[in-house]
Structures are given as C-alpha cells and as structure tokens.
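Step one of this worksheet: look at the structure below.
For this chain, numbers begin at 1 and follow the sequence in order.
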Amino acid sequence: MFRQKFWLSLALTLPVVFWSEHIQELLGYDAPAFTGSEWIPPILGTAVFLYGGWAFLQGAWRELKSRLPGMMTLISLAITVAFVFSWVVELGLIEAEALWWELATLVTIMLLGHWIEMRSISQAQGALKELAKLLPDTATRVADDGEEEIGVDELRGGDVILVRPGESIAADGVIRKGRSDINEAMITGESRPVKKGEGDEVIAGTINGEGSLRIEVTGTGDETKLSGIMRLVADAQHSKSRAQHLADRAAQLLTGVAIVAAAITVVVWQLVGAAIDFSIVRMVTVLVIACPHALGLAVPLVVAISTTKGAQGGLLVRDRRGLEEARNLDTVIFDKTGTLTLGEFRVVEMAAKDSVSEDEALTIAAGVEAESEHPIARGIVKTAEDRGIEIPSAGGFRAITGKGVAASVAGTEYHIGGPALLKVEDAAVSTALQESAGRAADRGQAAIYLLRDGEALAVFAVADAIREESRVAVNALHERGVEVAMLTGDAQAVADAVAEELGIDTVFAEVLPEDKAAKVEELQMQGKKVAMVGDGVNDAPALATADIGIAIGAGTDVAVEAGHIVLVRSDPRDIPKIVTLSRATYRKMLQNLWWAAGYNIFAIPLAAGVLAAWGILLTPALGAVLMSASTVIVALNAQLLRRVEL
C-alpha cells in the first residue's frame, strides 16, 4: 500500500514543486503559464493530501481513539495544519505564501519512509514465511489398492505416506519402513543430515535424503512440530519486551514534547514579529522532525530479527523477557540425565590384558551381550556400534542368575558380570584391571568384567555417558563469564565424576525432584541471575522458578510449557547461543533507542529556527528527510543483528 501510494504521490508532487512560485524564485526559472496553471499546486497538493495522507489520518484516528497519540498523530497534525493554512491563503483570508509544495513533498517523503519501514519488518519476518514454505502441497498416501497423490490437508493420523528421495516430509510421523539421512537443518539448526531408521520419528518440513521411506502419520496441520514452531515465533514477535514498553512510553512523551514545542515555536516567532506563514512553517517542521517514527521502529524491528534469527539457530522464544534477561545470567543450572548426559549407559572407560586389545575385548563383550536386554548390556552393545565394530554372533547364551551372562564367541566360552561373578568364578584379576575397576567404583560407575577360563581379560566402566556437546557448552559458557551448576538425583560420587570431567563449578547431588526448585532459589538468594535447563516433568517447577527456564525441545510437553526458551534440538551447545543473542539484541535495542530519541535534542531546536539569524532554516520537507533518515539508520542498524554469529 505504501509503495503504491508513494509512486502515485510522487507523480502528483513533481508538478506541484515545478509550478511552485517559491521554487521558481529559488532556482531562477519560469514555469510555463497557461489558463488555470496557477491552480496546479493547490489541486494536485490537495490530491496528495487526500490520497497519500489518508493512511496517516486513519492511523491518527486509531491512536486518538485508543488514547495513545504517537507518530501518526504528529504526522497528521503537521500535514493537516499545512493543508488548512494553504487553503486559507488561497481563499485570500490572510496574505501569506501557501505551503503546497512543502505539504506534497512532506507526504511523499513520509510515504517513502513508511514503505522502507514495512520492507524492513517484512524482511525480518521472512524466516516465518520460509518456514511456511517447507511443507509440500501434496503427499503420496499408500493404500491397500496402491498409491495415491493427495493434498497435505487430506492426511489423517494413522495414514502411511511414501516419501521418495529428495522430497519434503509432509507430516510428523514414525518411519515404518526404510532408512535414510534426513536434513533437519531448517527445523533444528543441525547442519548435518540425521540418520533415521524404522521406529524413528520424523518432522514435517524436513527433507529426505537418498533412501525411500514409508512413514505412519502422527501429526498433521496445526498438530505438527513445524506449526508449533511457527506459532511460537509469531507470538514472540508480537509480544512486547520491557524495552518495547520503554520505547512506547518514550514515543508518547516525545509526542507531547513535540506538540508543546510546536505551539511555543508559533508563539515565539509571532512575538518577535515574524510573518504568519513563516511561523506556521516552523511549527510544521517541528512536528515533522520530532515524529517518533524511528523510536517506534527501534525495538520492534530488533525483536523481529532476533526472534527469527533465534528460530533459525534452533532457539524458540516463548517469552521475550526470557531472552531479554539472558544477557545478565550469572549461572546456568543443567539437569544431568538426558541433558549433560545421554540418559543411556555407555562404556566410558575400559582396560584390557596385554594379550587382548581394547577393541577386541569390546567386540567379544558385545557379542556375548547382544541377546541380553539388561540396560548395562545394551550400553556395551551400543558402545561397540558407535565405534563401528561389527558385532559377532554368539551361541549358547544363558544367564547366570544374579551374577552375569555366558555365551560362546568363535567357539570359545566367555562370561560377563560384575564383582559378584568374580567371587563365584574365583577369577584371577591383574593389578591393572583391579586399579581400573577401583577408579570406576570411586566415580560411582559399574565395573563389568569379561572372563575366559577363570581369568579376567578386560574390565569395562559403564555409566550414563557424557555427551561430547556438553563439554563444548560448558567451556563456551565459561568463556562468556557464566558459571555452570549441575542438579541431579544421582549419588554424590557419580555427580562429582561428571562435574570433574566437564569442569562444572557447582554440584547439587542426591536432590529429590520436589527439591529442585529450592536449589534454584538457593542460588537466587545469593544474588545470582539463574537459568535452569531441563527436559523432564520433574524439571518443570525448577524451570518456572528460575529467572530463565530453558526447556529441551525433545523433552516433555510440561517442561517445554514451563520454559521461557525452547531448544528445538536436544543440544546443550545451543545454551551459549542464547547468551550471545541476548547480549547482541540488547546492544542493538540500546543503540536504536539512543539514536531515535537522542537526535531530537538537536533536531527540534533546529527545526524551530534557533539558527535563523545565521541563515540556517529547515523546510518541512527537509525535516521529513532527516526524520526518515533517522528511521532508515535505525532499520539498517537493526539489520546488522543478522550478522551476529551464534
């Protein structure tokens, strides 16, 4: 709308300026004269006022109805005064110079400024539009009688869809057949494709790799994770932070200051004997140049850009205040299980006899444990798989009640179990293996032995494995001057072992679920600004108590609802990103607010004519240019937020 109004108003304004007597005198030319040519400025000027200025008059009416006068009120007051005054002059009611060219150029430049503003906001919200484009229009549904192409809106829960290589996934679902690498970068921020197989969940809008998949639909339309992300982004962009409320109050205050300053300007110039048209021009210039346009744009544009940038980086802002306060964080508390650790057993350390390599011992152990469903056994098998070890088949698998298991690999029988198995077997254990088992016990880890013919070949320390990403996250937070604490219900020895390995500053161990919130309050009472990171139901009270609650996106709905910020992917490395984005966002807000409000300290007196004695006077059009320039500067400065590396 502003673009269309600008171009037509510009076309109408050019003749107004060309046939203006003031411009002709200023530039020393004579415009062609013909019957009625003297009416070109007032007729076309009126057209510009009614057509181009109508958007501002409507905006002013809405502001006055809501009793919140602001930028539209000032603009409308300025152009209405210029319009009425010019017709009073044209009708011969007073002798002065009409302000048609000033009025027309003022409206046209204001339209240009608003067009630029709307483009900036539209670009800032572009990520939201891009998210909407991720979903395909159609899907291939697999039915009893074959395949059929249907619209995505026709999909229902329980349907099975075929997703060919390179296609976008049309709905949330579970893979029932096939394996492939899924590109989830547009949803989670994870740059590397994620391997997915039967039983794994997939997200609508992500892109299938080279494999063909059959997916059972679990969520469509508004129920998909993509729709949830879009809702959160939209809500966050429309929510107002404390800085926005400050900007709104400043804009209202500036509106009052501008109106008072404009009135004083007219009175003072009349008292010193200036012509009425000169006084009116000064008043209009003050109203225009003091318009809090840049102030109104300063914070919302930064909010829109930071929210979409966060979403692109896997950070969903549920509450703007959470992101705003993150810049002041002193301490981040991590829940241990599932956040700093995998929440699954893995072999975290091993030792083997000189005659057996570690990989060989792990291969045999995984083969023996392959048929066991015990969590520790699954941890040994998964460790071997993570290392790319081919697990051998075993025969004669049997459980040794309460002690361990036994099976044959390549014709040799092996036993696997804990210290109880050693006693039963009266097995020989080397000093090196005993020392390794002792270190595991000190850390609260399970020591599992691999035995052959009554001799221990290797010992595996099995525990909830630390995620490699956790180490990076803790180091990054320390670099930003933020302390790291850990909260867990595990034994003190287990917690201390994890804390020592990751370099965590404070440890709260053996904490009952109902006491987690109290630990958060304990740190807050020390004057610290605390963020809590969690993913479980028992984390929800602590998330709500913390100054900033950060919920792991893969966690429970309760935890997500309690958090101020949601991590789309379950990656602790995204936590430092929140601090970086918060600090960069605040910096841009502050810069924009200072510029948008501060330039008026010089602009209003200049517009009022304090330098008139030295021949320095601003026209309303030039005032509009300066005001628009300040708006453009604010918009460009906000766009620089896109360059911040998270």
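For the atom pair Phe85 CZ and Glu90 CD, the distance stands at 10.5 Å (nearest 0.5 Å). In this structure, NZ on Lys577 lies 6.0 Å from CG on Leu315, to the nearest 0.5 angstrom. Taking CD from Gln526 and CD from Gln524, the interatomic distance works out to 10.5 Å, rounded to the nearest 0.5 Å. How far CG of Leu617 is from OG1 of Thr285: 8.5 Å, rounded to the nearest 0.5 Å. With rounding to the nearest 0.5 angstrom, the NZ atom of Lys588 is 12.5 Å from the OG atom of Ser306. Leu323 CG to Ile565 CD1: the interatomic distance, rounded to the nearest 0.5 Å, is 5.0 Å.
Summarising the local packing, CD of Gln58 is surrounded by more than 12 heavy atoms from other residues, nucleotides or ligands at distances under 6.0 Å. The 12-atom threshold is not exceeded at CZ of Phe602, counting heavy atoms of other residues, nucleotides or ligands nearer than 6.0 Å.
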- Yes or no on side chain to side chain contact (heavy atoms under 4.5 Å, CB included) for Leu606 and Ile616, after CA distance, side-chain angles and deciding distance? CA-CA 8 Å; Leu606 194 61; Ile616 300 175; 4.3 Å; yes

Next item on the list: Output, in order, the C-alpha distance, side-chain angles, deciding distance and verdict of side chain to side chain contact (heavy atoms under 4.5 Å, CB included) for Phe83 and Val107.
Entry: CA-CA 11 Å; Phe83 174 74; Val107 170; over 6 Å; no

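Scanning all heavy atoms of the two residues, the minimum distance from Arg480 to Arg583 falls at O-NH2, 3.2 Å. The two residues Trp595 and Ile633 make their nearest non-hydrogen contact at CZ2-CD1, 3.5 Å. Of all the heavy atoms in Asp571 and Leu567, the pair that sits closest is O-CD1, 3.8 Å. Across all their heavy atoms, Val286 and Ala258 have their closest contact at CG1-O, 3.9 Å. Contact detail for Asp547 and Lys528: the closest heavy-atom pair is OD2-O, 3.8 Å. When all heavy atoms are compared, the tightest approach of Val16 to Ala104 is CG1-CB, 4.1 Å.
A heavy-atom distance below 4.5 Å is not found between the side chains of Val644 and Leu581. At a threshold of 4.5 Å between non-hydrogen side-chain atoms, the residues Thr585 and Glu324 do not count as touching. Looking at heavy atoms from C-beta onward, Thr545 lies out of side-chain contact with Met532 at the 4.5 angstrom threshold. Considering only heavy atoms from C-beta on, Val89 stays 4.5 Å or farther from Asp277 through its side chain. Between Leu523 and Asp330, the closest side-chain pair of non-hydrogen atoms is not below 4.5 Å. Side-chain contact between Trp101 and Ser86 is absent, with no heavy-atom pair separated by less than 4.5 Å. Looking at Arg643 and Leu640, their side chains come closer than 4.5 Å, going by heavy atoms from C-beta outward. Looking at Leu111 and Leu10, their side chains never come closer than 4.5 Å, going by heavy atoms from C-beta outward.
Although no hydrogens or angles enter the test, the distance criterion places a donor-acceptor pair under 3.5 Å between the side chain of Arg282 and the main chain of Leu618. In this structure a side-chain-to-backbone donor-acceptor pair under 3.5 Å is missing from Ser9 to Phe6. Side-chain N or O atoms of Trp19 include none that pairs as donor or acceptor with a backbone N or O of Gln24 at under 3.5 Å. Arg327 places no side-chain N or O within 3.5 Å of a backbone atom of Val579 that could act as its donor or acceptor partner. No side-chain donor-acceptor contact under 3.5 Å links Tyr586 to the backbone of Ala326. In this structure, the side chain of Asp505 engages the main chain of Val484 through a donor-acceptor pair within 3.5 Å. Between the side chain of Glu483 and the backbone N or O of Thr506, no donor-acceptor pair lies under 3.5 Å. The closest donor-acceptor contact from the side chain of Ser582 to the backbone of Ile578 lies at 3.5 Å or more, if one exists at all. Judged by distance alone, with hydrogens and angles left aside, the side-chain atoms of Lys309 form a donor-acceptor pair with the main-chain N or O of Arg642 at under 3.5 Å.
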Please set out all donor-acceptor pairs under 3.5 angstrom arising from side-chain atoms of residues 40-51, sequence neighbours excluded.
unit_1, atom_1, unit_2, atom_2, d
Thr46, OG1, Pro42, O, 2.6
Thr46, OG1, Trp87, NE1, 3.0

Only distances under 3.5 Å count here; give the side-chain donor-acceptor pairs of residues 262-274 to other protein atoms, sequence neighbours excluded, each with its distance to 0.1 Å.
unit_1, atom_1, unit_2, atom_2, d
Thr265, OG1, Ala261, O, 2.7
Trp269, NE1, Ala608, O, 2.7
Gln270, NE2, Ala274, O, 3.2
Gln270, NE2, Ser279, OG, 2.7

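By the ring-ring contact (aromatic ring centres under 6.0 Å, His included) test, Phe34 is found to be paired with no residue, residues two or more places apart in sequence or in another chain being considered.
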